[in-house]
Amino acid sequence: MNAKSARLRRLPVIGAVAAGAVLLLAGPASAHVGVQPGTAEKGGYSTIAFKVPNEKDNASTVKLEVTLDPKHPLASVMPQPVPGWEVKVEKAKLDKPLQMHGKTIDEAVSKITWTGGKIEPGQFQQFPLSVGKLPDDADELVFKALQTYSDDDVVRWIDPSKPGGAEAEHPAPTLKLVAKGAAGKGDDDHDHDSKTGGKSADGKAEDASASSDKSDGGSDTTARVLGVVGIVVGAAGVAFGLIAGRRRSA
C-alpha cells in the first residue's frame, strides 16, 4: 500500500472524528438547569425562571426540587402556576427575622418542589418565581436543583463555580446580583403585584420566559448548525473513502 492510498483510507476516519468533535462541542450548549435572566438588581424584586431541559433520549423529567440559598433568605417567594405541574412550597424558621413593609418575617421559603408533569426528551420547561427583597450585601444567590427522571435517575445541579471561571460538571443555578440600573428594568412594582393578586408578576414571568427563550435560542441554533456541519463532514469523508477504495480496487 503506497502513501497516497493510505491517506485516502484514513479520510473516513478523519471525517468521523471531526463530526464527533463538533457534536461534542455543540451538545453541552444550554443543556444544564439554569436561572433566567442571569442577573437581577440588589435590593429589589425580580421575576426569575428555572429553565430545565430534558437531557435524556429514553426518559422524561418528572420532578424538580429547588433549594434556596440559606445564607440569604428571601421574605417573598411566589411561584407562578405551571400547567400540568403541582408545586409544593416549604418554609423554615429564620435565626434572624426579616423586616418587610413594616412587618416582621420569622420564616422564609427554603425549598420549592414541582411534580406531576413531564418534560419529554428534546423539550424544556420553565418554572417562574417572583422573588424579593434581594439582598444588598451579596453578589449572587446560589440555588441547588435536583432533576428527577422517570427512570428514577436524579441529576444533582449543586456544584459550585470553579476558580478561573471554568464550569463545573453539574453547576448550581446562580443568580448574579448587580447594582441598581445595571440589570435593566426590574420588578420594583412588587407592592402593586401583591395588591393585584400577582397578575403583574405573572405577566413579567411570561416576559422573562420569552427573553430567556430568545437568549438561549442563539446558542441552541448554533449547536444545531454545528451538529449538522459535523454530520455532513463525516458523511463526506466516508463517501470519499468508499469512492477512493473502489477506484483503487478497479
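We're numbering straight along the sequence, starting at 1.
Thr113 places no side-chain N or O within donor-acceptor distance of the main-chain N or O of Lys88, the cut-off being under 3.5 Å. In this structure, the side chain of Asn54 does not engage the main chain of Gln123 through any donor-acceptor pair within 3.5 Å. Using a distance-only test at 3.5 Å, with no hydrogens or angles considered, no donor-acceptor pair links the side chain of Thr39 to the main chain of Pro37.
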Fill in: Residues Thr148, Glu65; criterion side-chain contact (heavy atoms from CB on, under 4.5 Å); working and verdict
CA-CA 8 Å; Thr148 302; Glu65 302 169 77; 4.3 Å; yes

| message | For Phe143 and Leu68: C-alpha separation, side-chain torsions, deciding distance, then whether side-chain contact (heavy atoms from CB on, under 4.5 Å) applies. | response | CA-CA 5 Å; Phe143 304 91; Leu68 278 67; 4.0 Å; yes

_What verdict does the side-chain contact (heavy atoms from CB on, under 4.5 Å) test give for Lys133 and Tyr45, after you've listed the backbone C-alpha separation in whole Å, the side-chain angles of each residue and the deciding distance to 0.1 Å?_
CA-CA 5 Å; Lys133 179 181 178 183; Tyr45 294 86; 3.9 Å; yes

Discussion item. Between Leu134 and Ser46, is the side-chain contact (heavy atoms from CB on, under 4.5 Å) condition met? List the steps.
Written reply: CA-CA 8 Å; Leu134 299 174; Ser46 183; 4.2 Å; yes

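Expressed to the nearest 0.5 Å, how far CG of Asn58 lies from CG of Asp153 amounts to 10.0 Å. In this structure, CD in Glu55 is found 11.0 Å from CD1 in Ile119, a value given to the nearest 0.5 Å. Here the CG-CD distance, from Asp57 to Glu120, works out to 12.5 Å after rounding to the nearest 0.5 Å. Rounding to the nearest 0.5 Å gives a distance of 8.0 Å between CE of Met78 and OG1 of Thr47. Summarising the geometry, atom CG belonging to Leu146 is positioned 11.5 Å from atom CH2 belonging to Trp157; distances are rounded to the nearest 0.5 Å. Atom CD of Glu140 is separated from atom NZ of Lys176 by 4.0 Å, given to the nearest 0.5 angstrom.
In terms of heavy-atom proximity, Leu94 sits nearest to Pro73 at CD2-CB, 3.6 Å. Listed here is the closest heavy atom pair of Glu41 and Ala179: CG-O, 4.1 Å. The two residues Thr174 and Ala172 come nearest to each other via the heavy atoms OG1-O, 3.0 Å. Across all non-hydrogen atoms, the minimal contact from Pro160 to Ala168 is O-CB, 3.6 Å.
Using cut-offs of 30° and 60° for the angle between ring planes, the Phe127 and Trp114 rings count as tilted.
With a 6.0 Å radius and a threshold of 12 heavy atoms from other residues, nucleotides or ligands, Asp95 has its CG atom at or below the threshold. Atom NZ of Lys56 is surrounded by more than 12 heavy atoms from other residues, nucleotides or ligands within 6.0 Å.
Looking only at atom types and distance, the side chain of Gln147 has a donor-acceptor partner in the side chain of Thr61 under 3.5 Å away.
Using a 4.5 Å cut-off on side-chain heavy atoms (C-beta onward), Leu74 and Val109 make no contact. Between Tyr149 and Val62 there is no side-chain heavy-atom pair separated by less than 4.5 Å. By the 4.5 Å heavy-atom criterion applied to side chains, Lys93 and Asp106 are counted as neighbours. With contacts defined as side-chain heavy-atom distances shorter than 4.5 Å, the pair Pro128/Pro79 does not qualify. For the pair Val89 and Val77, the minimum side-chain heavy-atom distance is 4.5 Å or more. Two residues are said to be in side-chain contact when any heavy atoms from C-beta on lie closer than 4.5 Å; His32 and Val155 fail this criterion.
Using a 4.0 Å cut-off between a side-chain N of Lys or Arg and a carboxylate O of Asp or Glu, Asp137 and Lys42 do not qualify as a salt bridge.
There is no path of hydrophobic side-chain contacts, each under 4.5 Å, that joins Val142 to Phe50. Under a hydrophobic-cluster definition in which Ile, Leu, Val, Met, Phe, Trp and Tyr are linked whenever side-chain heavy atoms come within less than 4.5 Å, directly or via other members, Val82 and Leu64 are assigned to the same cluster.
Each of Val35, Ile48, Leu177 was checked for a side-chain contact (heavy atoms from CB on, under 4.5 Å) with Leu141, and the lone residue meeting it is Leu177.
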